[in-house]
Trainee: 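Got a structure for you, written out below as structure tokens; questions coming shortly.
Note that the structure is predicted; figures quoted are calculated from it, not measured.
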Amino acid sequence: MKKISNIDRIRNIGIIAHIDAGKTTVTERILYYTGRSHKIGEVHDGEAVMDWMQDEQERGITITSAVTTCHWKQKEIQIIDTPGHVDFTIEVERSLRVLDGAIGVFCAVGGVEPQSETVWKQADKYHVPKIAFVNKLDRIGSSFLGAVDMMKKRLNANPLITQLPLGSEDDFSGIIDLIRMQQIVWGEDDLGEAFTTEEISPDILETAAEYHEKLIETLAEVDDKIMEAYLSEVPIAPEDIVTAIRKATIDLKLVPVLCGSALKNKGIQPLLDAIVQFLPSPIDVPPMQGTHPETGESIECRSKSTDPLAALIFKVALMEGRKLSYVRIYSGELQAKSNVYNPGRKTDEKLARILRMHANKRERIETASAGSIVGIVGLKESSTGETLCSRDHPVLLEQIEFYEPVISVAVEPKTHVDEEKLDEVLEKFIAEDPTLRFKKDDDTGQTILSGMGELHLEVIISRMQREFKTNVNVGKPQVVYRETIAKEAAGSAVFDKEISGQRHFGEVKLKLKPLQRGSENRFRSAINAETIPDIFIPAIEKGVMESLESGALMGYPVVDVEAVLTGGSFKESLGTELAYTVSASMACKTALANGQPFLLDPIMDVSVYVLEASMGEAIGDLNARSGKIESIEHKKGLQVIRASVPLAHMFGYSTALRSATQGRGTFTMQFSHFDRK
């Protein structure tokens, strides 16, 4: 494949959306029209290039984000196709962390669905410029303007309509380009390569002129040159409109909205044009900020190949048993068989190979420079969220935030051979997926596997059996609770022991106070240095925080508690960090037991989509599950019930909903917060 070296010609984009909005279908068309694929792979046939895992092909959903590169009009587009299911939201999070732009795909029937809101907020969090593509306009009940209106209400976005659909539902045949005031019509051939550009039909010209005027008015509000031309009533050239839209998009002021039907091969070529015209190159976005690992001073990582190396590992995958690290290079250059420095671990790593990725296919390259997203083979210790740089110019980039698991299952190896492999296999999965956890239950001898949802754990167990030939028996899913206390409580402890010929002494007195939900844990000292020297305060804090990792009720992590050091004692020459850490932990355990501990449930945001005839039964079922109905709204013949429900009561809900609605009801669910039932 030819390599475009100019950094300003690169577009690093992600495709984000709710499950089943058509992300992978859009990506498959992009790959076909750019010549990267020679046939269109369909998700429903299990032949999509980007859904290469067997579990993805069987389930018809994207599970892992896949990277590929293609070219369009002298621009290099590096694409990450992300999952839409809430259980795999970490894949979206870490992809958006390294992308310069995103395409939000919305179903013209469903509009802005719950997971669309989640991924949009993730993109906002990383200040990623976006364009929106309203898909599935050939479907019955589709509404382009309805989807745009929902973008305003649900996403707080400022959409800029740049296209209108030509026809609707079964009659959808093309788009009206409001920038150039022309219509694009696709032929009836299956592959959508042939289309004609023509003058707008007289019957829709008035509507097109009205929306063209609205486009100019919206642009004038954010662009002085367009405002000046608009007030002077001077004709504005399409090139000037494109320039203004590009600037407003990169500045996060507007979201250009396009439309089409990916499955019917309509609207993808104009979407490709919009990607290269409106979304930024690596040099159009602010330089990535890092810090010096020793001094803490701020370092700017500019998108220049000649600058010192700064790269972020945003994903680790196992391919054919080998560790493959996905890296975004922010500045400098990577070279195969060279050494790089990991400032977080203070270790040197050797790059064996650099790979340009196309889903699960790989192409070896010798160098990769600023702006590139590549795969690396050879890193032994470095993991997700860590920085690679040069030892001479160390820099630490901001880490990626990971989510805490909310559901667990018990797994037991079936044979002695499986038992020997189990821990090693799980360690490999955790290296891939930071939202996965496992621990041994000392009482039962079982391994407890925790993740983001039932589907998440199902896929891990399926992959365990398929890829590593490790067979396990799986117990029922268990909720991962949190613990907290109901009232203020005190605790004290003395540690006074001789260990290896040295006497260790430490006495700690503290009290625990309950905090508001979502406050996390805090520690503060309310004593002076005469009671306990300041040098031992960090050891006491360490003991408290370690103790809070396992509660007094059922051993779940304790949250929303403030620990205050209120007293203690110190003996000259006998006080040690070990003694104060242990005594602080013991005092904290006592206080936890005295504080009327109770469990906090993971509470889920649930959206249920049912016909009006089934609404009463659906609401009754949610109430029976201790659900709290937040709102009910009417949408295109459906009733949308939004509720918050404890996760413990949601097991088996999909079966119950199908039964209550004759298979017509659907629902989505995502973690909201921890709280008392």
Side-chain angles (χ1 to χ4, degrees), residues 19 43 46-48 50-66 83 85-91 315-325 359-360 377 380 383-384 402-481 554-556 602 647-648 650-655 669:
I19 190 168
V43 175
E47 294 180 354
M50 302 301 275
D51 287 351
W52 56 271
M53 283 173 58
Q54 194 169 340
D55 278 287
E56 293 178 313
Q57 292 166 354
E58 287 181 1
R59 297 170 192 270
I61 61 168
T62 302
I63 290 169
T64 181
S65 49
H85 197 286
V86 65
D87 284 14
F88 309 105
T89 193
I90 185 61
E91 291 285 328
K315 175 179 164 120
V316 172
L318 295 169
M319 287 205 177
E320 296 163 7
R322 300 194 68 181
K323 181 178 173 182
L324 174 67
S325 304
N360 62 331
V377 176
K380 288 187 168 55
S383 189
T384 303
F402 301 128
Y403 298 91
E404 289 298 314
V406 296
I407 191 169
S408 296
V409 292
V411 293
E412 294 177 335
K414 286 188 175 180
T415 67
H416 182 65
V417 174
D418 294 327
E419 186 177 4
E420 290 176 344
K421 290 194 294 184
L422 183 60
D423 284 2
E424 182 188 339
V425 169
L426 288 175
E427 289 286 359
K428 288 180 178 178
F429 279 124
I430 284 172
E432 267 195 22
D433 185 348
T435 61
L436 200 64
R437 306 271 197 282
F438 81 93
K439 66 178 182 180
K440 280 275 173 28
D441 187 319
D442 294 331
D443 295 330
T444 64
Q446 292 176 314
T447 297
I448 308 300
L449 186 62
S450 305
M452 298 301 293
E454 288 180 272
L455 180 60
H456 185 203
L457 295 178
E458 267 180 42
V459 168
I460 292 296
I461 288 159
S462 170
R463 289 184 60 200
M464 197 186 297
Q465 293 166 340
R466 278 183 172 148
E467 296 174 28
F468 297 97
K469 304 295 185 283
T470 305
N471 296 303
V472 291
N473 295 316
V474 182
K476 283 188 176 180
Q478 299 292 319
V479 176
V480 180
Y481 295 94
M554 297 175 69
Y556 291 111
L647 175 62
M650 287 301 292
F651 294 129
Y653 182 64
S654 56
T655 305
M669 176 174 77

Trainee: Check whether any side-chain heavy atom of Asn471 lies under 4.5 Å from a side-chain heavy atom of Thr415, and answer yes or no.
Mentor: no

Trainee: Hey, could you give me the CG/CD1 distance between Leu436 and Ile460, rounded to the nearest 0.5 Å?
Mentor: 5.0 Å

Trainee: Looking only at heavy atoms, what is the nearest atom pair of Gly451 and Leu457, with distance?
Mentor: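 Smallest heavy-atom distance, with atoms named: N-CD2, 3.7 Å.
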
Trainee: Who passes side-chain contact (heavy atoms from CB on, under 4.5 Å) against Val474, sequence neighbours left out?
Mentor: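 Once residues adjacent in sequence are excluded, the partners of Val474 under the side-chain contact (heavy atoms from CB on, under 4.5 Å) criterion are Val409, Val411, Ile461, Val472.
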
Trainee: The criterion is side-chain contact (heavy atoms from CB on, under 4.5 Å); which residues satisfy it with Lys421, sequence neighbours excluded?
Mentor: Val417, Asp418, Val425, Lys469, Thr470

Trainee: Is there side-chain contact between Met464 and Leu422, with at least one heavy-atom pair below 4.5 Å?
Mentor: yes

Trainee: Tell me, please, which residues at least two apart from Phe438 pass ring-ring contact (aromatic ring centres under 6.0 Å, His included).
Mentor: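 None.
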
Trainee: Show the nearest heavy-atom pair for residues Ser325 and Val316, with the distance to one decimal.
Mentor: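 In terms of heavy atoms, the two residues are closest at OG-CG2, 4.2 Å.
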
